[in-house]
Amino acid sequence: MNVILDLFVKIVDYFLKYLGKLWYLVSPKETTFEFPHEVPDYQQQVWIPFFLLLILEQLLLREKKFRLNDQVTSLSHWILDEFVRIFSRGAEYLLYITIYENFGKRYTLPWNSLWTWYITFIAVDFCYYWAHRSNHEVHFLWAYHQVHHSSEEFNLAVGLRQSILQHWCNSIIYLPLAFFIPPSHFMVHNQFNLIYQLWIHTTVIGNLGLFELIFNTPKHHRVHHGCNLYCLDKNYGGVLIIWDRLFGTFQDEEQKEEIVYGLVINVESFNAFYLQIFYLKNLIKRSISVNTWTDKCATFWKGPSWFPGTPRLGLDEFKIKVKSRPVYDPYIPNWQKIYISIQFLVILLNHYKLYKPQYYENLDNSLVAIPVADNLISIISIGLLFDNCAFIYSSVIETLRCISYVYLMHMCEENLTDHLIYYVHVCQLGFIWIPFFVCKFYMYIYFLYLQDFYFIYGLEE
């Protein structure tokens, strides 16, 4: 009996320590700290459990076709966002800490109180609601938040599809908390609030009953990601859905109408860099197109559906009524899918190293800078391959990338992973890109020879 009890305790402890973080199931005592530097990087700790959930979700969705292009694009956004987050080293918290040190200490809640932990939980989620709502209702904020809504799928990987500016812009909304909440508490709950929202991006989970009265769930969040007219500007909550119920932005899922995911006017691209910035370009064009300076400024701070003569958030009668539509899914051959899958695995291996202090503390080191540059260029070329652009562009980029990596990283491998990544690049170069360009060159020479032959033959005729 004692053996079974000990095993049960160990399972519960493991769940709370690792998987439980995905659902905010953590011990207040173990997640309370006095100083900001003591707060762990919880987002880093949950990646392996979360990726196991990604695999489980795909196994459960056997009847639904797996789209490699959309999944890899979501993960590419995660790579970009994590790259910025790792090397910023918590700099987005600097202003919060400064305000607290200068103005908040005299009114602050005690750091070692259980009440402080729960008050911070509620306060952070309340601020997240308004930060998220402003991202949808202020056009220049929507210009970066739209990245998260750009997928035409709704799965766990979409939770990772974030703008690299998202956390920085949203951090301003939380600053009033610095007057009474210690930075260490804020940093803990700010992380867990975002981590909780990863699991609600799925179609696998249906109705959760009474739980849905208080907490945000996949059912509620499916509505938020829909671009159907009834879904727009609804269900902004992070962990709690009560804010939407209180402030009139709650919308239940309608079973009779299939939810269409993506942007109202979807952009046809799997280029992660382009998806990060394209909307800002369109916003600037829209501002230039209106006549008065008042309207030009209003284009930025009013809602995305606003135009002169309408309310701040626009009118439903002028909004596009999105119905079921085919998803953007250009055909690419199977060998390219295999190539992209292998290359993205290399990206993940290179990225994982950045979590180690000897790497993220030495960005100027060639052992760090070269793999980072290789990852960024790989993401560009993968997007070009998925978009089925002129193959010559991605082939040139890939060839130059592989040559550079093989040349610069020669004799620089430190461990088995580095050796594996190096020889993957060697194989890509030796078995794909060099033969491809040799073949191209041969065909070009052969074509010139035929032209000369027919020209001479024509003269003899």
Side-chain angles (χ1 to χ4, degrees), residues 68-80 83 268-278 329-354 359 363 365-451:
L68 181 69
N69 46 25
D70 191 85
Q71 201 87 345
V72 168
T73 303
S74 292
L75 294 174
S76 295
H77 284 292
W78 170 70
I79 294 287
L80 296 176
F83 170 75
E268 296 189 340
S269 178
F270 292 111
N271 186 326
F273 282 93
Y274 179 72
L275 291 171
Q276 288 277 339
I277 64 172
F278 87 95
D329 193 20
Y331 170 81
I332 62 172
N334 287 329
W335 78 264
Q336 286 188 27
K337 292 180 181 179
I338 295 171
Y339 177 87
I340 289 170
S341 299
I342 294 171
Q343 185 53 36
F344 198 75
L345 179 60
V346 169
I347 291 174
L348 290 175
L349 291 173
N350 263 331
H351 175 76
Y352 185 72
K353 293 192 301 183
L354 297 180
Y359 289 101
L363 183 57
N365 189 323
S366 60
L367 288 175
V368 181
I370 294 170
V372 165
D374 188 71
N375 273 8
L376 298 179
I377 297 169
S378 293
I379 288 172
I380 293 172
S381 61
I382 284 173
L384 292 173
L385 288 170
F386 277 140
D387 285 337
N388 210 4
C389 297
F391 186 68
I392 191 65
Y393 297 139
S394 50
S395 60
V396 169
I397 291 173
E398 283 295 280
T399 304
L400 293 176
R401 181 185 64 79
C402 290
I403 290 173
S404 300
Y405 193 92
V406 170
Y407 174 74
L408 295 171
M409 294 297 287
H410 181 58
M411 302 299 290
C412 291
E413 308 91 60
E414 292 187 329
N415 50 50
L416 182 61
T417 301
D418 290 335
H419 280 284
L420 176 64
I421 293 171
Y422 180 82
Y423 285 107
V424 166
H425 284 79
V426 171
C427 291
Q428 288 173 336
L429 197 58
F431 293 105
I432 299 176
W433 301 119
I434 290 178
F436 171 77
F437 279 101
V438 168
C439 183
K440 279 283 185 184
F441 180 74
Y442 172 79
M443 293 297 293
Y444 178 72
I445 297 298
Y446 182 69
F447 179 72
L448 289 179
Y449 169 77
L450 283 179
Q451 278 189 324

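- Applying the salt bridge (charged side-chain N to carboxylate O under 4.0 Å, His left out) test to every pair with at least one member in residues 380-395, sequence neighbours left out, gives no pairs at all.
- Taking CD1 of I434 as the start and CG of L429 as the end, the distance is 4.0 Å to the nearest 0.5 Å.
- Partners of T417 according to the side-chain contact (heavy atoms from CB on, under 4.5 Å) rule, which considers only residues two or more places apart in sequence or in another chain, are L349, N415, I421.
- At least one side-chain heavy atom of L348 sits less than 4.5 Å from a side-chain heavy atom of W78.
- Within the 4.5 Å cutoff, the side chain of M409 has no heavy atoms near those of the D418 side chain.
- Legend: residues meeting side-chain contact (heavy atoms from CB on, under 4.5 Å) with Y352, ordered by chain and number and at least two apart, are I48, Y355.
- Residues F270 and S76 are not in side-chain contact: their nearest non-hydrogen atoms beyond the backbone lie 4.5 Å or more apart.
- Shown here are the side-chain contact (heavy atoms from CB on, under 4.5 Å) partners of L376, two or more places apart in sequence or in another chain: L80, F273, V372.
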Could you give the side-chain donor-acceptor pairs of residues 377-385 under 3.5 Å, partners two or more places apart or in another chain?
{"from": "S378", "atom 1": "OG", "to": "Q343", "atom 2": "NE2", "distance (Å)": "3.0"}
{"from": "S378", "atom 1": "OG", "to": "D374", "atom 2": "O", "distance (Å)": "2.8"}
{"from": "S378", "atom 1": "OG", "to": "R401", "atom 2": "NE", "distance (Å)": "3.4"}
{"from": "S378", "atom 1": "OG", "to": "R401", "atom 2": "NH1", "distance (Å)": "3.4"}
{"from": "S381", "atom 1": "OG", "to": "I377", "atom 2": "O", "distance (Å)": "3.4"}
{"from": "S381", "atom 1": "OG", "to": "S378", "atom 2": "O", "distance (Å)": "3.0"}
{"from": "S381", "atom 1": "OG", "to": "E398", "atom 2": "OE2", "distance (Å)": "2.5"}

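- Separation of atoms CG (L408) and CD1 (I403) is listed at 11.0 Å; rounding is to 0.5 Å.
- Taking all atoms of both residues into account, the shortest heavy-atom contact from Q428 to C402 is OE1-SG, 3.4 Å.
- Under the 4.5 Å side-chain criterion, counting only non-hydrogen atoms from C-beta, F386 is in contact with L68.
- Considering only heavy atoms from C-beta on, W335 comes within 4.5 Å of I432 through its side chain.
- Residues satisfying the side-chain contact (heavy atoms from CB on, under 4.5 Å) test with C427, not counting sequence neighbours, are F431.
- Residues W433 and V396 are not in side-chain contact: their nearest non-hydrogen atoms beyond the backbone lie 4.5 Å or more apart.
- Expressed to the nearest 0.5 Å, how far CD1 of I338 lies from CD of Q336 amounts to 11.0 Å.
- Side-chain atoms of I332 and N69, non-hydrogen and from C-beta on, never get closer than 4.5 Å to each other.
- A heavy-atom distance below 4.5 Å is not found between the side chains of F278 and S269.
- Shown here for N375 and I347, the closest heavy-atom pair between the two residues is ND2-O, 3.2 Å.
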